[in-house]
Amino acid sequence: MNIGFIGLGIMGSGMANNLLKSGFNMYVFNRTREKAKELEDNGAKFCSTPKELAEKSDLIFMMLTDVRACRAVSEDKDGFLESLSKGKVVVNFSTVHPNYSLELREMVKEKEAMFLESPVLGSKIPAQKGELVILSAGDKEAFEICTDAFEKISKKAMYLGDVPKASYVKVVNNEAFATSLTAYLEGLAFAKKIGLDPEMVFNILNSGALSNPYFEFKVKKVLNDDFETHFSFENMKKDLGYALSVADEFKCYCPTLAAVNEIFKKGLNKHAKEDMSAVYKIFDE
Ligand SMILES: NC(=O)c1ccc[n+]([C@@H]2O[C@H](COP(=O)([O-])OP(=O)(O)OC[C@H]3O[C@@H](n4cnc5c(N)ncnc54)[C@H](OP(=O)(O)O)[C@@H]3O)[C@@H](O)[C@H]2O)c1
């Protein structure tokens, strides 16, 4: 089985590495070629365009920033839609707007290929360790074809039904995650400002109902002034935008989401490339 992987950023590089190590024949494409170097050194073949990648691959996997990036590698000149054909499978792991996912499914269907939207839960380290959670929706047959590959990059892969159900779940996950982590970090900055030791407060909160492995991972880094990017601030701002758009479409009352989106908007210029936990710095200024 030949796998083509488009997008070798924080998440994609870990995922593509695990597939290569598991013995799949890998074709890779990344806008910035240097990021493919390690994979190329280990035997992956670099394609000069997404079109070439789709010619050579049975499964076309993509893990890109956003809707704009996905359109660039699929619809632009030399995009993979130009060479997509019957029987091939396109899997989009990127977090995108659910309505775009519906559009992409139609473009893939026109080529008689199969489509899965498959956003993931888990960040840089689970991507490197092959321990992501994959949420898939779309062609059931495609999900079955991908089972073996998904096993190499995830601890769990779930089939949820029709597009855009997986994108909806991902939007809700990131809404809940961003709003709750932001509130937690606001609390720590608040503690510091009223003269409490934030580390002492964290240890107490973490021994009670707020104990949670992901909060613990993020907050310990914040307390060590470590904002190395695992999930970028700008990507979380992007996901808050998708969540707000879906909330508007369904006329949902989401005031916490709206408030947290404003906080991320405020910090975007300064913290775009840092980890999303840099939202703490906005409260600590
Ligand atoms: N990091 C996480 O914790 C995490 C967790 C779950 C889901 N996600 C989602 O996974 C996706 C990837 O995240 P990431 O953290 O891996 O981001 P990243 O490190 O910023 O990587 C983004 C990738 O998209 C490519 N790209 C961006 N704009 C492009 C364009 N216009 N044309 C072609 N390629 C383009 C980049 O290419 P270049 O290398 O050339 O810039 C890079 O390969 C996002 O949708 C994110 O929301 C991330």
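Below, each value reflects all heavy atoms present in this structure, side chains not excepted, and no hydrogens, waters or symmetry copies. For ligands, and for the atoms within them, numbers begin at 1 and follow the listed sequence.
- Between G122 and ligand 1 there is a heavy-atom distance shorter than 4.0 Å.
- Of the candidates K124, R68, H230, H230 brings a heavy atom nearest to atom 2 (C) of ligand 1.
- When ring centroids are compared, F29 and F80 stay outside the 6.0 Å threshold.
- Atoms of ligand 1 found under 4.0 Å from any heavy atom of V120, numbered from 1 in the order shown, are 6 (C).
- Taking the ring axis of F227 as reference, the NZ or CZ atom of K281 stays within 45° of it and closer than 6.0 Å to the ring centre.
- Numbered from 1 in the order shown, with element, the atoms of ligand 1 that lie under 4.0 Å from a heavy atom of A72 read 32 (N).
- When only non-hydrogen protein atoms are considered, atom 10 (O) of ligand 1 lies nearest to M63 CE, 3.2 Å.
- At a threshold of 4.0 Å, the pair E216-K220 counts as salt-bridged, since one of the basic side-chain nitrogens sits closer than that to a carboxylate oxygen.
- Looking at heavy atoms from C-beta onward, I3 lies out of side-chain contact with D58 at the 4.5 angstrom threshold.
- Among protein heavy atoms, the minimum distance from atom 46 (C) of ligand 1 is reached at K238 NZ, 3.7 Å.
- Using a 4.0 Å cut-off to heavy atoms of K35, the atoms of ligand 1 that qualify are 38 (P), 39 (O), 41 (O).
- The nearest protein atom to atom 21 (O) of ligand 1, hydrogens excluded, is given as G9 CA, 3.4 Å; this is a heavy-atom distance.
- Between F93 and ligand 1, no pair of N/O atoms sits closer than 3.5 Å.
- In terms of protein heavy-atom proximity, atom 30 (C) of ligand 1 is closest to R31 NH1, 3.3 Å.
- Here E228 pairs with K124 in a salt bridge; the nearest charged N to carboxylate O distance falls below 4.0 Å.
- Between A258 and L244 the shortest heavy-atom distance is CA-CD2, 4.2 Å.
- Aromatic ring centres of Y27 and F5 lie farther apart than the 6.0 Å criterion allows.
- For K265, the NZ atom sits in a loose shell: 12 or fewer heavy atoms of surrounding residues, nucleotides or ligands are nearer than 6.0 Å.
- Proximity of a side-chain donor or acceptor of E55 to a complementary backbone N or O of S83 within less than 3.5 Å is not detected.
- Taking the ring centroids of F264 and H271, they lie at or beyond the 6.0 Å cut-off.
- Closest to atom 8 (N) of ligand 1 among all protein heavy atoms lies T95 OG1, 4.1 Å.
- Below 30°, between 30° and 60°, or above 60°: for F202 and Y184 the angle between ring planes is between 30° and 60°, a tilted geometry.
- Close approach to K170 involves these atoms of ligand 1, each under 4.0 Å from a residue heavy atom: 6 (C), 7 (C).
- Remark: ligand 1 atoms within the under-4.0 Å shell around heavy atoms of G7 are 43 (O).
- The nearest heavy-atom contact from the protein to atom 27 (C) of ligand 1 is T65 OG1, 3.0 Å.
- Between D239 and ligand 1 there is a heavy-atom distance shorter than 4.0 Å.
- If you check which protein heavy atom lies closest to atom 25 (C) of ligand 1, you get L64 CD2, 3.6 Å.
- Numbered from 1 in the order shown, with element, the atoms of ligand 1 that lie under 4.0 Å from a heavy atom of A69 read 26 (N), 27 (C), 28 (N), 29 (C), 30 (C), 31 (N), 35 (C).
- When hydrogens are left out, the protein atom nearest atom 3 (O) of ligand 1 is S123 OG, 2.5 Å; that is the closest non-hydrogen contact.
- Centroid-to-centroid, the aromatic rings of Y168 and F250 come within less than 6.0 Å.
- Residue contacts with ligand 1 for M276 are absent, since no atom lies close enough (heavy atoms, distance under 4.0 Å).
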